[in-house]
Structure formats: C-alpha cells, structure tokens
Undergrad: 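One structure, pasted below without further comment.
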Amino acid sequence: YPPCERTLARRAREAQMKRFCKAQAIQRRLEEIEVTFRELEQQGTEVEKLLRDNDGSTADQETQWTNQLLYLVQKKNSLMTEESDLMIAVQELKLEEQQWQLDEKLRSYMNREDTLKTPEDRKAEQEILAQLLKVVDERNHLIHIQEERRLSEL
C-alpha cells in the first residue's frame with residue numbers, strides 16, 4: 001500500500017475505535033441511569049406512602065415530604081432527558097459507522113477505472129451513493145432534533 005492509503009486505513013481504524021469507545025461509555029451511562037431510575041422509583045414510593053399515611057404528622061413534615069417527592073420527580077425527568085440524548089447519540093454513532101462502511105464501498109468502486117466497470121458495478125455504485133445520501137440525511141435529521149431540543153430547553 002502507498003503511504004496515503006496506509007494513513008487513510010490507520011485513520012479509519014482510529015475513528016472506528018473512537019466510535020466503539022464512545023458507544024461503550026454511552027452504554028455504561030445508560031445502565032447507570034437505569035439503576036438510578038429504580039432507586040428514584042423506590043424512594044418516590046416510600047415518600048408517597050408517607051404522604052398517604054400521614055397520621056398525626058405536622059404540616060411542616062407533609063411539606064417536606066411533598067418537596068422531596070417533587071425533587072425526585074425533577075431528578076427523574078432530568079435523567080429521562082439525558083437518556084433520550086444518549087439514545088440519539090447511539091443512533092448517531094450507528095449512522096456514522098454505516099456512513100463509514102458505505103464510504104469504503106463507494107471508494108472501492110470509484111477507484112476502478114471506468115473502462116473496467118460493468119453495468120452491474122455502475123448500478124451498485126449508484127445504489128451505494130443513494131444509501132450514503134440517505135444516511136447523511138438521517139444524521140442531519142438527528143442533529144436537527146438535538147438543536148430543537150436544545151433551543152426548547154433555553
């Protein structure tokens with residue numbers, strides 16, 4: 001392989017490894033969120049039970065429990081938003097990987113000399129290009145969703 005191709009191959013491997021590490025980190029965080037959800041649900045159930053069975057408790061105590069319940073709901077909503085963002089990131093990583101694979105296929109077809117291409121090769125090249133454009137549109141759509149969510153949070 002010429003140095004140019006070796007460099008491209010090395011960069012591709014590095015990018016693939018980076019996506020893999022990012023996917024692992026996202027998976028770990030999703031698992032942490034799931035555990036935290038369960039803990040919040042359990043705490044919320046206990047606080048609700050205290051509020052319902054408030055035999056002889058003071059108004060201050062009820063206010064404290066209500067505030068605690070609202071805090072738990074707010075924390076859960078925050079985690080749900082983070083989980084949603086992570087799921088979008090997972091989709092983006094999948095599309096990135098798919099785009100990389102399609103780029104590789106398309107590059108192999110485009111590197112062939114035109115005189116050596118069969119009609120099937122030309123058709124496959126066009127199909128890959130169409131798939132690549134579809135993946136790019138899907139990635140653009142995900143970015144648009146993220147931007148809308150960011151603006152709505154502001």
Side-chain angles (χ1 to χ4, degrees), residues 1-49 51 65-154:
Y1 292 110
C4 172
E5 287 184 29
R6 283 194 305 251
T7 302
L8 286 175
R10 187 184 78 245
R11 285 185 183 161
R13 282 192 308 274
E14 288 171 356
Q16 192 171 21
M17 189 55 116
K18 192 175 181 180
R19 284 191 299 273
F20 179 73
C21 290
K22 189 174 180 182
Q24 281 184 322
I26 289 171
Q27 185 60 39
R28 276 193 304 275
R29 183 61 187 142
L30 286 171
E31 289 169 1
E32 290 170 2
I33 288 173
E34 187 177 326
V35 169
T36 307
F37 270 152
R38 280 190 241 123
E39 291 171 357
L40 290 174
E41 287 288 330
Q42 184 180 5
Q43 291 174 9
T45 303
E46 291 170 7
V47 172
E48 267 187 76
K49 201 178 289 184
L51 276 170
W65 289 334
T66 303
N67 287 340
Q68 187 177 0
L69 190 61
L70 289 173
Y71 169 77
L72 293 173
V73 168
Q74 183 182 25
K75 182 113 169 129
K76 185 177 176 185
N77 287 341
S78 162
L79 286 173
M80 287 176 68
T81 300
E82 183 182 356
E83 182 182 42
S84 178
D85 289 342
L86 289 172
M87 295 307 290
I88 289 173
V90 166
Q91 280 298 110
E92 195 170 345
L93 283 174
K94 286 180 182 177
L95 290 172
E96 216 175 288
E97 179 69 23
Q98 193 175 2
Q99 182 178 349
W100 176 78
Q101 291 172 355
L102 289 170
D103 276 340
E104 287 293 308
K105 286 181 184 177
L106 186 60
R107 197 172 288 118
S108 73
Y109 279 110
M110 294 179 95
N111 285 339
R112 293 183 192 165
E113 196 151 329
D114 282 342
T115 57
L116 300 176
K117 290 182 185 177
T118 65
E120 291 82 20
D121 289 341
R122 294 181 203 285
K123 183 178 178 187
E125 187 176 341
Q126 291 302 314
E127 288 174 2
I128 290 170
L129 185 58
Q131 290 174 350
L132 187 58
L133 290 173
K134 183 181 173 197
V135 168
V136 169
D137 284 343
E138 288 175 16
R139 286 185 69 191
N140 186 41
H141 180 71
L142 285 177
I143 291 169
H144 183 70
I145 289 172
Q146 285 176 320
E147 186 64 21
E148 282 182 350
R149 289 181 65 194
R150 187 185 67 78
L151 290 174
S152 70
E153 287 174 5
L154 294 176

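Predicted model, so just to flag it, every value in this text is computed and none were measured.
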Undergrad: Which residue in the set Gln146, Glu148, His141 passes side chain to side chain donor-acceptor pair (under 3.5 Å) when paired with His144?
TA: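 Exactly one candidate clears the test, Glu148.
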Undergrad: Any chance you could measure Gln16, atom CD, to Cys21, atom SG, to the nearest 0.5 Å?
TA: 11.0 Å
Undergrad: Quick one: which of Gln24, Glu97, Lys94 gives a side chain to side chain contact (heavy atoms under 4.5 Å, CB included) with Arg19?
TA: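 Exactly one option meets the side chain to side chain contact (heavy atoms under 4.5 Å, CB included) with Arg19, and it is Glu97.
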Undergrad: How many angstroms lie between atom CZ of Arg139 and atom CD of Gln99, to the nearest 0.5 angstrom?
TA: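 That separation rounds to 4.5 Å.
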Undergrad: What I'd like to find out is whether the side chain of Asp137 reaches to under 4.5 Å of the side chain of Lys134, using heavy atoms alone.
TA: no
Undergrad: Can you confirm whether Gln74 is buried at CD, in the sense that more than 12 heavy atoms of other residues, nucleotides or ligands lie under 6.0 Å from that atom?
TA: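 12 or below, so no.
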Undergrad: Using the side-chain hydrogen bond (donor to acceptor under 3.5 Å, both in side chains) criterion, which residues pair with Glu153? Sequence neighbours excluded.
TA: none
Undergrad: Is it the case that atom CZ in Arg10 sees more than 12 heavy atoms from other parts of the structure closer than 6.0 Å?
TA: yes
Undergrad: Name each donor-acceptor pair under 3.5 Å that joins a side chain in residues 122-133 to protein atoms two or more places apart or in another chain, with its distance.
TA:
unit_1 : atom_1 : unit_2 : atom_2 : d
Arg122 : NH2    : Asp114 : O      : 2.9
Glu125 : OE1    : Lys117 : NZ     : 2.9

Undergrad: Quick one: side-chain hydrogen bond (donor to acceptor under 3.5 Å, both in side chains) partners of Arg13, sequence neighbours excluded?
TA: none
Undergrad: How far apart are the closest heavy atoms of Leu79 and Phe37, and which atoms are they?
TA: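 For Leu79 and Phe37, the tightest heavy-atom pair comes out as CB-CE2, 3.7 Å.
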Undergrad: Return the set of residues passing salt bridge (charged side-chain N to carboxylate O under 4.0 Å, His left out) with Arg38 (not counting sequence neighbours), or none when no residue passes.
TA: Glu34
Undergrad: Drop me the distance from Ile33's CD1 to Met80's CE, to the nearest 0.5 angstrom.
TA: 11.0 Å
Undergrad: So, taking the atom named CD1 in Ile143 and the one named CD in Glu138, what distance separates them when rounded to the nearest 0.5 Å?
TA: 12.5 Å
Undergrad: Between Arg29 and Glu32, does any side-chain N to carboxylate O distance fall below 4.0 Å?
TA: yes
Undergrad: If I take atom CG from residue Asn77 and atom NZ from residue Lys75, how far apart are they, to the nearest 0.5 angstrom?
TA: 12.0 Å
Undergrad: How would you list, by chain and number, every residue that makes a side-chain hydrogen bond (donor to acceptor under 3.5 Å, both in side chains) with Gln42, sequence neighbours excluded?
TA: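 Applying side-chain hydrogen bond (donor to acceptor under 3.5 Å, both in side chains) to Gln42 gives none.
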Undergrad: Quick one: does any side-chain atom of Asn111 pair with a main-chain N or O of Arg107 as donor and acceptor, under 3.5 Å?
TA: yes
Undergrad: Do any side-chain atoms of residues 83-91 form donor-acceptor pairs under 3.5 angstrom with protein atoms, and if so which ones, sequence neighbours left out?
TA:
unit_1 : atom_1 : unit_2 : atom_2 : d
Ser84  : OG     : Arg149 : NH1    : 2.7
Asp85  : OD1    : Arg149 : NH1    : 2.9
Asp85  : OD1    : Arg149 : NH2    : 3.3

Undergrad: For Leu51 and Leu69, which heavy atoms make the closest approach, and how far apart are they?
TA: CD1-CD2, 4.0 Å
Undergrad: What do the steps show when you test Arg11 against Glu14 for salt bridge (Lys or Arg N to Asp or Glu O under 4.0 Å), and what is the final call?
TA: CA-CA 5 Å; Arg11 285 185 183 161; Glu14 288 171 356; 5.9 Å; no
Undergrad: Got a second to check how far Asp103's CG is from Glu96's CD, nearest 0.5 Å?
TA: 11.0 Å
